[in-house]
Every structure is written in C-alpha cells, then in structure tokens.
Amino acid sequence: MLRSWYLLCCLWALHLPGAGERAAAGREIDTAHYRERVKAMFYHAYNNYLENAFPYDELRPLTCDGQDTWGSFSLTLIDALDTLLILGNVSEFQRIVNVLQEGVDFDIDVNASVFETNIRVVGGLLSAHLLSKKAGVEVEAGWPCSGPLLRMAEEAARKLLPAFQTPTGMPYGTVNLLHGVNPGETSVTCTAGIGTFIMEFATLSHLTGDQVFEDVARKALKALWKNRSDIGLVGNHIDVVTAKWVAQDAGIGAGVDSYFEYLVKGAILLHDEELMSMFLEYNKAIRNYTKFDDWYLWVQMYKGTVSMPVFQSLEAYWPGLQSLIGDINNGMRTFLNYYTVWKQFGGLPEFYNIPQGYTVEKREGYPLRPELIESAMYLYRATQDPTLLELGRDAVESIERISKVECGFATIKDLRDHRLDNRMESFFLAETVKYLYLLFDPDNFIHNDGSAFDVVPMPYGECILGAGGYIFNTEAHPIDPAALHCCRKQKEEQWEVEDLMREFFFLKKSKKSTFKRTADHSERESQTASADVSSESSKGEMNPEKNTKRRIPLLSCPNQPFTSKLSVLGQVFLDNT
C-alpha cells in the first residue's frame with residue numbers, strides 16, 4: 001500500500017497518459033510573454049521594497065513605506081532570495097547574501113511566531129544556503145555541511161526550540177527570541193503551527209549533525225497523530241499543555257493545511273514510510289467525511305457532521321498535494337472547482353460559501369495568496385493541460401489590473417469592489433511570483449530531470465547536488481533532497497568509525513607482505529571511506545567486492561505515468577537503475 005507514495009526525483013516532468021491532449025478551447029498561451037511579465041511584476045515589487053521599506057519586514061505599497069510584521073528580520077529579503085536565483089539574477093543573489101549576513105540579528109527582544117519564523121526565515125536561509133554554489137557564491141570548505149547562511153538558519157531555529165518544551169512536545173505558537181516563552185503565553189496553538197517543522201528541522205539536523213531539531217519536529221507530529229479523533233480527523237486548535245482540542249472543526253484549510261502538506265513532503269524528503277502512512281490514513285478520513293462533489297467542507301472532528309460549508313483560499317494547495325501522491329484525476333477536478341471561484345472574482349476570497357456561491361462576510365479579501373497558482377504549477381508539470389496555463393494567465397492579468405500600485409502590489413481588501421489594503425506580504429515574492437514564473441518556465445533549473453548535476457567532494461566521498469527533485473517548503477523555498485545525503489549525522493562518531501576501519505586495514509596489510517606500503521595512503525583511505533559510505537547509503541545495492549572507486553552514473557529520470565508511482569526519490573542519486 002505504501003508504494004503509492006513513491007516519487008521520482010523528476011516528479012514534475014512526469015506525464016499522465018493521454019493528459020495534455022485535451023482540445024484547447026481558448027487561444028494558445030504565449031508562455032514567454034507571460035514569463036517576462038511575471039519577472040516585471042517581481043522587480044516592480046522587489047525594487048519598491050528596497051527603495052521604500054528595507055530594512056523593515058514588509059512593504060506598505062499604498063503609503064510607500066515599511067513595517068515590521070513577523071520579527072524585524074528584513075523578512076522580504078530572506079523570502080525573495082531564492083526567487084532571485086530562479087529568475088536568473090545571480091549578482092543580486094550574491095549581494096543580498098552579504099546584506100543578510102551583515103544586517104540580520106536574531107538575538108533581539110521580539111515575540112515571534114514559531115511557525116512563521118520557521119517557514120519563512122529558517123526555510124528561506126536553508127534554501128539559499130543550498131543554492132549558493134549555483135548562484136556563484138564562493139562557498140567555504142565543507143559546504144553544504146557548513147556556511148554562513150546555514151549558521152544563520154541554525155541560530156534562528158535554536159531560538160524556536162524553547163517553544164517545544166511542553167508536556168506534549170507540541171510547541172507554543174509564539175516565543176521571545178531573547179527570553180524564550182513568555183510566562184503568560186497562551187497554550188493554544190493551531191494544528192499547522194505544530195505539524196509544520198519536519199522539512200526545515202530535519203534538513204538542519206542532516207546538515208549540521210545535531211539531531212535535536214528533527215527529534216522535536218517528529219515528537220510534535222506524533223503528538224498530533226496520537227490525539228486524532230476516533231474517526232481519524234484532527235481539529236483546528238489544540239492546547240499544547242493538556243492536549244485538549246479547543247477548536248474541533250476538521251478540514252484541509254486554515255489552521256490545518258501545512259500539517260498535511262508536511263506529512264507528504266517530509267515522507268518524500270526523508271524516505272519515511274511512517275509519515276506517509278499517517279497521511280494516507282488522514283486522506284481516507286478526509287475523503288469519507290469532508291469531501292462533497294469535489295469540494296472539501298469543514299466538519300466536526302468527532303462526529304463528521306458539517307460545521308462550515310465553505311471553501312477557504314488556503315485550501316487551494318490541496319490539488320497540488322494530490323498530484324504529489326499521484327491522485328491526478330481528483331486533483332484536477334478539485335482544481336477546476338477552485339478555478340471557477342477565481343474566474344468569478346478575479347482572485348480567491350479568503351472564504352467562499354459553497355451553497356450560496358458567494359463570499360462570506362468579512363472574508364472577502366485576497367492577500368495575493370499563491371496556493372491555487374502552486375497547484376497549477378504542480379498539475380501542469382504532470383499533465384501539460386493548457387487549462388492550467390490559463391489560470392496563470394488570468395492570475396497575471398488580475399493581479400496587475402487590480403493590485404498594482406505605484407509602490408508595489410497591494411493586498412485586495414475586498415474582491416467585490418477591489419478596494420485595497422496597505423500591505424504586501426513577503427510571500428508574494430517568495431511564493432506567488434515564483435510559482436507563476438515556474439509555471440511559464442519549463443526549462444528552469446528547478447525542473448531539472450537529473451540530466452545535469454554538480455559533483456561536490458566530501459570527506460566521505462563525492463556528493464551529487466542540483467540534480468532536481470527539489471521539494472518546496474510551505475513558503476515555496478526549495479530544498480535539494482540530495483543535500484541530506486552529503487552531511488553525516490554525529491560526525492565525531494563517524495570519524496571514530498573511520499579511524500577504526502583504517503587501523504583494521506593497516507593491521508591486515510602489515511601481516512601480508514604482498515601489500516606494498518606507499519606514501520600515498522591517504523587516497524586509499526578516502527576510497528575506503530567512500531566505498532563504505534556508498535555501500536551504507538545504497539543499502540547493499542552496490543557490489544561490496546568491487547575494489548575500484550565507484551563511477552557516478554549519469555542521472556536519468558525517465559518519464560513515467562503518475563499511476564506507476566515508482567521509486568524512492570533519493571535512489572536516483574545512489575544507483576543507475
């Protein structure tokens with residue numbers, strides 16, 4: 001059953017048989033034209049942030065100034081950094097890396113969202129760290145297992161660790177970066193704020209060798225799993241001290257969304273069957289109790305009765321998530337439902353009453369969220385269905401027509417009359433623009449099918465990076481899964497094992513006169529260590545009797561239908577099957 005979660009590194013290059021052959025009712029989309037318009041959108045927003053808002057977190061586009069929102073990190077710069085590289089601007093990427101190193105300080109007396117700091121700051125810095133070499137940054141010895149951006153990400157994550165010191169292991173929602181959790185801090189946290197750490201924290205643990213990050217993330221995930229209802233659903237908010245559900249509405253949207261997302265992406269990133277089995281069990285309950293005619297409603301988590309017959313804009317990530325597990329047909333049907341709402345308003349209102357077919361009072365806004373565009377990008381990579389490009393075209397036209405102002409792009413306060421709000425959230429540059437650009441840019445390095453890659457020498461052999469299969473965190477910061485195989489956990493213990501192996505081989509050699517002692521024994525040591533690690537990593541797939549150094553095979557990602565659901569992601573970096 002768990003084979004259904006297997007994914008090739010070139011996931012977005014896969015094709016469903018017959019998909020993309022539908023008759024295109026409308027005119028053909030000029031992808032090059034819209035790609036350039038998206039790039040212009042980015043620079044209009046980015047340059048105005050630099051001119052009017054830096055070093056504040058966000059731009060206020062109506063008053064042409066800035067404000068701190070999530071902790072005073074120059075957040076828009078961190079969030080936009082990997083987008084710069086995806087757009088091809090290596091010189092600005094390099095400049096901003098230096099700016100962040102000199103100007104960002106996490107040792108400040110600020111109350112910060114644990115969730116937002118993780119996905120935006122930790123995730124953004126990790127992604128930029130792993131992309132630094134591709135961007136032409138001169139990396140230090142030991143990269144990707146060391147580097148200034150990695151140290152910044154680790155420092156930020158350590159500031160969040162006190163939040164996890166609860167009886168349940170589920171974190172508080174807010175932490176003071178200087179003093180830890182405030183004594184009067186509420187113990188009620190949303191489900192997404194508990195279950196959205198495994199990608200960033202596991203990546204940190206693999207790169208730094210410090211297991212504490214992955215351990216706390218896993219403990220939080222398991223606590224949510226343990227406290228699900230008898231019918232297999234989780235609510236919206238829970239008390240992290242008592243594990244009592246405070247808000248018992250169950251659905252796939254706000255307050256829950258990225259918990260499900262990280263079960264799938266964490267499973268892919270870490271080859272973790274337990275995480276995927278959790279998601280598949282949740283998916284059964286979600287289909288049984290919340291799905292109605294390809295819409296997903298909110299239900300009472302213990303009874304399964306409908307509590308809110310609404311669609312939330314944050315739920316639009318779900319079709320993309322379905323594509324990651326190969327459920328393309330359901331993903332497309334749900335996507336088309338959500339697309340009809342976009343066509344109705346020129347954007348997705350925060351809440352949409354499904355029976356009434358209209359917005360919900362006080363939830364009529366559209367803060368330029370990326371989720372529907374994100375799903376379009378995933379599904380288009382899978383199907384080549386031109387309808388998905390049409391959504392991209394509509395998004396560009398709508399955002400430019402409704403939201404663009406002199407100093408950037410403003411949140412749409414009300415989609416009914418297109419009133420604007422004085423805010424441009426950092427996710428506009430991190431996610432919305434990025435997913436739009438990738439939708440229209442099939443040759444971007446992010447879509448690499450494994451035909452190109454970098455070989456990085458490491459103490460234990462050679463590491464393959466940049467071969468594709470990037471996994472986006474929920475803020476659209478791409479993580480190279482191969483990097484997790486480059487750095488060894490518990491490095492001191494690994495070196496101790498290697499010393500013992502070296503001693504063993506030297507003793508064996510001294511007993512046999514046929515072995516000629518050479519001065520250049522360091523090369524043999526490196527080959528021995530490399531062979532040992534390669535054998536361990538490939539789990540016996542290589543021939544242990546071969547004494548020659550393993551040649552790195554040409555990586556390839558043959559197109560497969562999603563229904564095949566083949567292979568574990570990382571194996572493409574380890575063997576030539």
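Please read all numbers here as calculations on a predicted model, not as lab measurements. Just the heavy atoms: all of them, side chains too, but no hydrogens, waters or symmetry mates, feed the values below.
- Residue pairs meeting the side chain to side chain donor-acceptor pair (under 3.5 Å) criterion with at least one partner in residues 122-137, sequence neighbours excluded, are D82-S127.
- Using a 4.0 Å cut-off between a side-chain N of Lys or Arg and a carboxylate O of Asp or Glu, D441 and K39 do not qualify as a salt bridge.
- A distance of 10.5 Å separates CG in L275 from CH2 in W225, rounded to the nearest 0.5 Å.
- Under 4.0 Å is where a charged nitrogen must lie from a carboxylate oxygen, and between R60 and D65 at least one such pair does.
- Residues Y262 and L221 have side chains not in contact (no heavy-atom distance under 4.5 Å, counting atoms from C-beta outward).
- Within the structure, ring-ring contact (aromatic ring centres under 6.0 Å, His included) pairs that include any residue of residues 66-113 comprise F73-F106 (at least two apart or interchain).
- When only modelled atom types and interatomic distance are considered, E350 and S313 share a side-chain donor-acceptor pair under 3.5 Å.
- Cysteines C486 and C145 keep their SG atoms at least 2.5 Å away from one another.
- With a 4.5 Å cut-off on side-chain heavy atoms, T76 and F54 do not count as touching.
- Taking the six-membered ring for Trp and thresholds of 30 and 60 degrees, Y46 and Y43 have ring planes more than 60 degrees apart, a perpendicular arrangement.
- For N52, the side chain to side chain contact (heavy atoms under 4.5 Å, CB included) partners at least two apart in sequence or on another chain are N48, L59, C64, C407.
- Side-chain atoms of Y317 come within 3.5 Å of backbone atoms of D257 as a donor-acceptor pair (strictly under, hydrogens ignored).
- Classification of the W318-F279 ring pair by plane angle, with boundaries at 30° and 60°, yields tilted.
- Looking only at side-chain heavy atoms (C-beta outward), R369 and L314 come within less than 4.5 Å of each other.
- Applying the side-chain hydrogen bond (donor to acceptor under 3.5 Å, both in side chains) test to Y259 and every residue at least two apart in sequence or in another chain returns Y282.
- Rounded to the nearest 0.5 Å, atoms CD (E261) and CD1 (I252) are 12.0 Å apart.
- Considering only heavy atoms from C-beta on, V256 comes within 4.5 Å of V234 through its side chain.
- Checked against side-chain hydrogen bond (donor to acceptor under 3.5 Å, both in side chains), T186 has no partners two or more places apart in sequence or in another chain.
- Judged as a salt bridge (charged side-chain N to carboxylate O under 4.0 Å, His left out), and not counting sequence neighbours, the contacts of R151 are E140.
- A 4.5 Å side-chain heavy-atom check between I238 and M170 finds at least one atom pair inside the cut-off.
- Ion pairing of D79 with K434 is absent here, as no side-chain N (NZ or NE/NH1/NH2) approaches a carboxylate O to less than 4.0 Å.
- The shortest distance between side-chain heavy atoms of N118 and V114 does not fall below 4.5 Å.
- Partners of Q94 according to the side chain to side chain contact (heavy atoms under 4.5 Å, CB included) rule, which considers only residues two or more places apart in sequence or in another chain, are V90, V137.
- Proximity of the aromatic rings of F164 and F201 is defined here by a centroid distance below 6.0 angstrom, and this criterion is met.
- Qualifying side-chain hydrogen bond (donor to acceptor under 3.5 Å, both in side chains) partners for D105, counting only residues two or more places apart in sequence or in other chains: none.
- Applying the side chain to side chain contact (heavy atoms under 4.5 Å, CB included) rule to Y56 yields the partners D68; only residues at least two apart in sequence or on another chain are considered.
- Looking at N473 and E200, their side chains come closer than 4.5 Å, going by heavy atoms from C-beta outward.
- In summary, the aromatic rings of W298 and F311 are positioned with their centroids too far apart to meet the 6.0 Å limit.
- The existence of a salt bridge linking R158 and E155 is excluded, since no basic side-chain nitrogen approaches an acidic carboxylate oxygen closer than 4.0 Å.
- Only one option out of M377, E374, R381 pairs with L438 in a side chain to side chain contact (heavy atoms under 4.5 Å, CB included); it is M377.
- Every side chain to side chain contact (heavy atoms under 4.5 Å, CB included) that A45 has, sequence neighbours left out, goes to F409, M424, F428, L429.
- Partners of E371 by salt bridge (charged side-chain N to carboxylate O under 4.0 Å, His left out), not counting sequence neighbours: none found.
- Taking the six-membered ring where tryptophan is involved, the planes of Y366 and W342 are perpendicular, since the angle between them exceeds 60° and thus also 30°.
- Between E214 and Q211 the shortest side-chain heavy-atom distance falls below 4.5 Å.
- For R363, the side-chain hydrogen bond (donor to acceptor under 3.5 Å, both in side chains) criterion is met by no residue, not counting sequence neighbours.
- A salt bridge does not link E431 to R120: none of the charged nitrogens lies less than 4.0 Å from a carboxylate oxygen.
- Classified by interplanar angle (parallel below 30°, tilted 30° to 60°, perpendicular above 60°), the ring pair Y378/Y435 is tilted.
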